[in-house]
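One-based numbering along the sequence shown. Every number for a ligand or one of its atoms is a count from 1 in the order of the listing.
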Amino acid sequence: MSSLIAVNLPDNSYNIAIAPDSLSQLGEQMRPLGLGHKVLVISNPEIFHHYGAIIVQSLEQAGYTVSSHLIPAGESYKTLDSIARIYDTALQHRLERSSTLVALGGGVIGDLTGFAAATWLRGINFVQVPTSLLAMVDASVGGKTGVNHPQGKNLIGAFYQPKLVFIDPQVLRTLPPREFRAGMAEVIKYGVIWDEDLFTQLEKADRLQDFSDLEAELLQVILTRSCQAKADVVSQDERESGLRAILNYGHTIGHAIESLTGYSRINHGEAVGIGMVAAGAIALKMQLWTEPEASRQNALISKTGLLTHIPEDLDTGAIVESLQMDKKVKSGKVRFILPTQLGKVKITDEVPNDLLGQVIDELKQ
Ligand SMILES: NC(=O)c1ccc[n+]([C@@H]2O[C@H](COP(=O)([O-])OP(=O)(O)OC[C@H]3O[C@@H](n4cnc5c(N)ncnc54)[C@H](O)[C@@H]3O)[C@@H](O)[C@H]2O)c1
Ligand SMILES: O=C(O)C(=O)C[C@@H](O)[C@H](O)[C@H](O)COP(=O)(O)O
Ligand SMILES: [Zn+2]
């Protein structure tokens with residue numbers, strides 16, 4: 001069961017290859033793409049411990065000169081300081097314009113590596129080898145790269161596309177269940193914004209809380225349909241001038257929760273899960289969709305074991321204020337992605353502030 005999905009772009013098209021037990025083939029898959037001779041693998045100690053040796057061996061067998069750079073795990077390391085350390089290692093190994101960075105890790109490693117690749121020598125190649133569910137279905141695809149600012153999520157970054165996204169679903173067997181659930185938040189997102197059929201297939205599954213809950217077939221459906229949804233959207237609007245903003249469903253309030261909790265207590269997927277419940281509640285109050293639809297969304301989020309409430313200690317005013325840092329703000333107005341039915345959303349800046357405060361208060365626990 002392997003799939004190849006094309007991300008078709010005006011200048012920088014590439015493929016997403018999804019194939020179980022394929023990690024050892026990375027080097028030979030990269031070879032025809034003309035990615036220079038030197039490769040710097042960026043990862044974190046835990047992931048490199050599991051998969052570093054197989055990746056390095058595969059690259060060396062394909063003729064690359066390989067070095068590695070490890071960053072401690074966690075969202076709190078998605079900073080400009082980590083980028084500066086990658087530059088130091090790139091300099092030490094004399095990376096050239098034709099050289100390649102390989103991101104071996106979750107979304108944090110992918111976003112950091114992509115931004116380092118976008119900026120080192122004004123742009124070198126990079127390849128995504130996502131190891132978390134969230135990075136496989138979302139972060140590795142589409143070329144949003146960057147780092148956080150203490151006051152706002154992903155405020156520093158660049159659009160910069162990888163040359164290849166190489167997914168071996170089997171690496172998910174070592175992913176902690178909490179991180180698996182975080183990835184399910186972005187999968188559910190695609191169901192709500194784009195692919196109703198994916199949503200109903202998820203509803204039919206008995207359990208969705210860990211890798212071991214999924215038959216290989218359902219996992220393949222989740223990966224291919226999610227990557228296809230992202231590829232479809234990004235192919236139509238690479239730099240978020242319109243449609244691509246729908247991929248931000250659940251992220252407006254989600255990002256505020258992440259930054260207000262110091263990028264450590266609540267992870268990205270968990271924050272997006274809460275953000276989708278909040279966006280669904282706003283849509284319900286604005287009569288954009290119906291109670292049964294909102295309940296189906298929330299039931300699916302609960303089935304994965306994700307949080308559905310806003311932490312009680314977060315101040316409602318602080319959340320509303322933090323929304324001003326969102327990249328979707330236009331002329332001072334916060335834009336929301338709101339569902340109109342399962343599989344469809346609209347983008348609006350018409351959410352009244354009092355309604356917003358009311359929804360946030362109601363979701364506190
Ligand atoms: N660029 C984009 O389009 C995009 C899209 C979605 C999310 N993101 C970003 O991605 C980040 C979240 O990504 P994430 O959820 O992967 O978090 P993450 O990168 O922090 O990874 C989560 C944890 O899982 C561990 N891990 C990953 N793969 C593993 C494996 N196979 N085995 C064992 N442990 C493993 C990591 O070491 C880490 O501790 C956020 O910074 C978010 O902003 C970016
Ligand atoms: O690819 C996109 O576009 C997304 O919005 C995907 C999101 O899941 C992702 O978290 C993204 O990094 C958020 O983008 P931002 O522009 O709001 O920082
Ligand atoms: Zn996201």
Contact partition for L247 relative to ligand 2, non-hydrogen atoms under 4.0 Å: both
Of all the non-hydrogen atoms in the protein, which one sits nearest to [atom], and at what distance?
atom	value
atom 32 (N) of ligand 1	T174 OG1, 2.7 Å
atom 37 (O) of ligand 1	N44 ND2, 2.7 Å
atom 8 (O) of ligand 2	D138 OD2, 2.7 Å
atom 14 (O) of ligand 2	K144 NZ, 3.1 Å

Contact partition for L134 relative to ligand 1, non-hydrogen atoms under 4.0 Å: side chain
Structural part of D111 in contact with ligand 1, heavy atom criterion under 4.0 angstrom: side chain
Polar proximity ligand 1 side, G74 side, N/O cut 3.5 Å exclusive: no
Contact check: K230 vs ligand 1, nitrogen or oxygen atoms, below 3.5 angstrom: yes
Test: E238 and R244 ion pair at under 4.0 Å: no
Between H69 and H93, ring centroids under 6.0 Å: no
Proximal heteroatom of E186 relative to the Zn ion (ligand 3) (N/O/S): OE2
K328 near ligand 2 by a heavy-atom separation under 4.0 Å: no
Polar atom proximity, K230 to ligand 2 (N or O, under 3.5 Å): yes
Selected option - heavy-atom contact closest to atom 42 (C) of ligand 1, from K153, E258, R178, H50: K153
